[in-house]
Amino acid sequence: MMKLRYLVGIILCGSFLTACGPDRRVVLAEQLMVAKETDSAIAVMQEIKEPVHRLSDRDYALYALLMSEAVHRKQQLNAATDTLLVPAIKYFSKSGDSLYAERALYCKGHMERRLYRYSDAMKSFLKALLFLQDSGNNEQLYRVNTWLGVVCLNQGEYSGKLRYSKEALKAALRLGNNFYKNLALNDISTGYYFEAKFDSALYYAQAAYNASVADTLPGQLRYIYTNLGSIYAKMGEHEKALDYINKSIALRSESDSLVILGLYNNKIDLFGKLGQYDSAYHYFQKAITSPSLGNQADACKFMARCYYQMGRPADAYPLLSKFTELADTIQKQQHTEESIALQELYQHEQLSIENLYWRSQAAERLSNVYLMTTLSLLMLWVASTIYFIYRRNRRRLIAQQEQLATQQEELYIQREVSSESLRRLVELEQKEAKLKETFFRRLSQRVVLEIERGGNIILSDEDWDDIVQNADIIFDGFTCRLQQEYPSLNKDDLRYCCMVKMQLSQSEMSQIMHLEKDSVKKRLKRIRMEKMGADSGVTLEELLRQF
């Protein structure tokens with residue numbers, strides 16, 4: 001009889017301890033995530049009803065982390081994901097479990113980047129980096145530093161882009177991963193490109209090429225060739241740039257059709273600068289069919305420039321108008337995406353309030369369970385807890401080793417798309433302004449040619465009226481807006497402003513106005529300081545650029 005009671009007691013204790021241990025579904029979901037069986041892991045976790053108050057604190061934190069990582073893998077991160085990540089980050093940060101805390105912060109950084117909250121994304125990635133210090137986890141050190149570089153590039157912090165990309169390179173070298181090393185070299189080259197340090201950009205792009213050849217990574221060459229083409233184009237070596245763009249296109253498959261159409265825009269620009277206008281037009285006809293509005297806008301912009309160089313402003317102007325229309329559409333789409341992100345943030349706040357309520361209810365119930373624990377089971381519970389901690393740490397070590405598998409191609413495609421999109425947006429306004437000024441100068445070609453010949457220029461009132469009218473057409477009522485902003489400007493002042501907008505030098509202005517160069521210089525200074533009230537450190541060209 002005594003033996004039977006002892007056996008029943010052992011069974012009851014075992015049942016109690018099993019109930020207090022890790023939830024088997026959470027454990028299974030973690031194993032499936034390690035095995036890259038994301039859909040299966042999601043299906044297992046969806047079987048857990050009301051996890052916020054049915055799971056222990058640790059199980060719920062792990063459940064929240066795994067569900068967030070699954071959503072991230074499927075590229076479906078949104079503001080609601082923050083409701084899961086907050087308790088995961090809070091629990092694992094306090095528990096001292098640096099591996100899980102870093103993973104949660106890494107996932108949160110991607111979520112905030114997805115919602116255009118780049119400052120918050122930077123903070124999350126930096127916190128993740130703190131948990132990685134002295135960890136020896138070079139795989140994750142590479143990833144976090146790489147994404148910090150991406151966020152810096154999105155914010156225009158090019159020095160930060162360089163700093164974190166170089167740290168990523170160090171991690172790749174310690175890891176012995178040639179693919180990561182190649183990506184990091186290209187990232188460093190991109191950072192120098194945006195800092196306009198083209199010699200350094202070329203050095204690292206060439207280093208990436210040499211590494212690709214030495215490490216037998218032919219798949220990287222198409223990206224490296226694109227990078228080299230962009231750098232040589234900025235350095236004015238158009239034939240070299242064209243050669244590398246052609247090499248990049250030749251290595252791409254039909255699935256890269258959108259990228260190829262974008263590269264055709266590079267060829268339009270380069271052929272235009274080389275004076276090969278028939279070839280430029282040939283690729284314009286291809287690029288304009290792209291489903292990407294950005295590619296269409298670039299095609300119109302580059303072909304319009306070719307028409308200007310050919311002396312055909314009448315053909316250039318419709319393309320310039322189309323370019324402006326497409327640019328406005330792209331901007332509206334960006335505003336729409338930001339509005340959607342704001343709606344997601346609102347829903348996130350509502351979910352956070354609901355989540356807080358259920359967590360408080362769960363804490364209260366858990367407290368009641370602890371009160372019911374008997375002293376006779378306490379020692380057995382402690383022993384069992386030690387055993388389960390040992391098993392948990394062992395699983396964690398195995399998971400840490402197996403988690404090093406990477407989504408390499410996806411990561412690089414995202415980096416390339418974000419880099420190309422940012423590059424296009426950064427240059428958009430500057431190139432549009434230069435395009436309009438070039439077009440205005442072309443419309444006033446007779447004056448420009450006469451200046452270059454050194455002839456005696458005498459402009460009639462009708463000539464000046466044409467120049468003023470052209471300025472108003474190209475720059476949306478340039479002289480009218482100027483006079484409205486600065487009423488003290490007279491007709492002669494407006495003519496000087498038009499000549500500045502034409503990018504004429506003071507010597508050329510003196511030739512047109514039949515005055516000494518010093519007189520022209522004084523007149524421009526009087527317009528800038530007395531009639532426009534500008535500071536001495538601002539030039540008239542800078543003032544008129546906004547008009």
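As the structure is a prediction and not an experimental result, all values here were calculated from the model.
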Is there a side-chain hydrogen bond (donor to acceptor under 3.5 Å, both in side chains) between Asn182 and Asn186? Walk through the geometry before answering. CA-CA 6 Å; Asn182 200 274; Asn186 274 298; 3.2 Å; yes

Do the side chains of [X] and [Y] get close enough for a salt bridge, i.e. N-O under 4.0 angstrom?
X: Lys521; Y: Asp518; value: no
X: Asp187; Y: Lys166; value: no
X: Lys74; Y: Asp39; value: yes
X: Asp463; Y: Arg495; value: no
X: Lys108; Y: Glu112; value: yes
X: Glu541; Y: Arg545; value: no
X: Asp476; Y: Arg481; value: no

Separation between [atom1] of [X] and [atom2] of [Y], rounded to the nearest 0.5 Å:
X: Ser519; Y: Met513; atom1: OG; atom2: CE; result: 11.0 Å
X: Leu185; Y: Thr190; atom1: CG; atom2: OG1; result: 11.0 Å
X: Tyr281; Y: Phe271; atom1: OH; atom2: CZ; result: 16.0 Å
X: Arg305; Y: Phe323; atom1: CZ; atom2: CZ; result: 9.5 Å
X: Tyr142; Y: Leu175; atom1: OH; atom2: CG; result: 10.0 Å
X: Cys152; Y: Leu162; atom1: SG; atom2: CG; result: 9.5 Å

Heavy atoms only: give me the nearest [X]-[Y] pair and the separation to one decimal.
X: Ser189; Y: Ala201; result: OG-O, 2.8 Å
X: Gly229; Y: Ile245; result: CA-CD1, 4.1 Å
X: Leu261; Y: Ala287; result: O-CB, 3.9 Å
X: Gln483; Y: Leu489; result: NE2-O, 3.0 Å
X: Gly149; Y: Tyr164; result: N-CB, 3.9 Å
X: Ala172; Y: Tyr180; result: CB-CB, 3.6 Å

Check the side chains of Ser253 and Ser255 for a donor-acceptor pair under 3.5 angstrom, ignoring hydrogens and angles.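 Side-chain D/A pair, Ser255 to Ser253: present.
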
Verify whether one side chain among Tyr106 and Glu69 offers a donor that lies under 3.5 Å from an acceptor in the other.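 No donor-acceptor contact under 3.5 Å links the two side chains.
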
Cation-pi check for Tyr264 against Lys267: NZ or CZ below 6.0 Å from the six-membered ring centre and within 45 degrees of the axis, yes or no?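 No, a cation-pi geometry is absent between Lys267 and Tyr264.
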
Using a cut-off of 6.0 Å, state whether more than 12 heavy atoms not belonging to [X] lie near its atom [atom1].
X: Asp278; atom1: CG; answer: no
X: Lys170; atom1: NZ; answer: no
X: Lys127; atom1: NZ; answer: no
X: Lys531; atom1: NZ; answer: yes
X: Tyr209; atom1: OH; answer: no

Flag, side chain of [X] to backbone of [Y], donor-acceptor distance under 3.5 Å:
X: Thr289; Y: Lys286; value: yes
X: Arg114; Y: His72; value: no
X: Asp472; Y: Phe478; value: yes
X: Asn470; Y: Ile467; value: no

Evaluate the side-chain proximity of [Y] to [X]: yes if any heavy-atom separation is below 4.5 Å, no if none is.
X: Thr226; Y: Arg252; result: yes
X: Lys161; Y: Phe194; result: no
X: Tyr225; Y: Tyr223; result: no
X: Tyr486; Y: Ile527; result: no
X: Met532; Y: Leu544; result: yes
X: Leu242; Y: Leu274; result: yes
X: Tyr277; Y: Phe284; result: no
X: Ile268; Y: Asn265; result: yes

Let me see the working for Glu508 and Met499 under side chain to side chain contact (heavy atoms under 4.5 Å, CB included), right down to the final yes or no. CA-CA 9 Å; Glu508 291 170 338; Met499 289 190 289; over 6 Å; no

Apply side chain to side chain contact (heavy atoms under 4.5 Å, CB included) to Lys240 and Met235, showing your working. CA-CA 10 Å; Lys240 279 188 178 181; Met235 297 175 73; over 6 Å; no

Apply side chain to side chain contact (heavy atoms under 4.5 Å, CB included) to residues Tyr317 and Ser321 and explain how you reach the verdict. CA-CA 6 Å; Tyr317 191 69; Ser321 299; 3.7 Å; yes

Would you call the rings of Tyr232 and Tyr244 parallel, tilted or perpendicular, taking 30° and 60° as the class edges?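 Answer is parallel, since the angle falls under 30°.
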
Give the ring-plane orientation class for His110 versus Trp147, where under 30° counts as parallel, over 60° as perpendicular and anything between as tilted.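 The arrangement is perpendicular - the two ring planes meet at more than 60°.
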
For Val520 and Tyr496: C-alpha separation, side-chain torsions, deciding distance, then whether side chain to side chain contact (heavy atoms under 4.5 Å, CB included) applies. CA-CA 9 Å; Val520 170; Tyr496 275 95; 4.1 Å; yes

Identify which one of Arg528, Arg526, Arg523 satisfies the salt bridge (charged side-chain N to carboxylate O under 4.0 Å, His left out) criterion when paired with Asp493.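 So the option named by the test is Arg523.
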
Only one of Gln296, Lys322, Met303 forms a side-chain contact (heavy atoms from CB on, under 4.5 Å) with Ile288, so which one is it?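 Per the side-chain contact (heavy atoms from CB on, under 4.5 Å) rule, the option paired with Ile288 is Gln296, out of Gln296, Lys322, Met303.
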
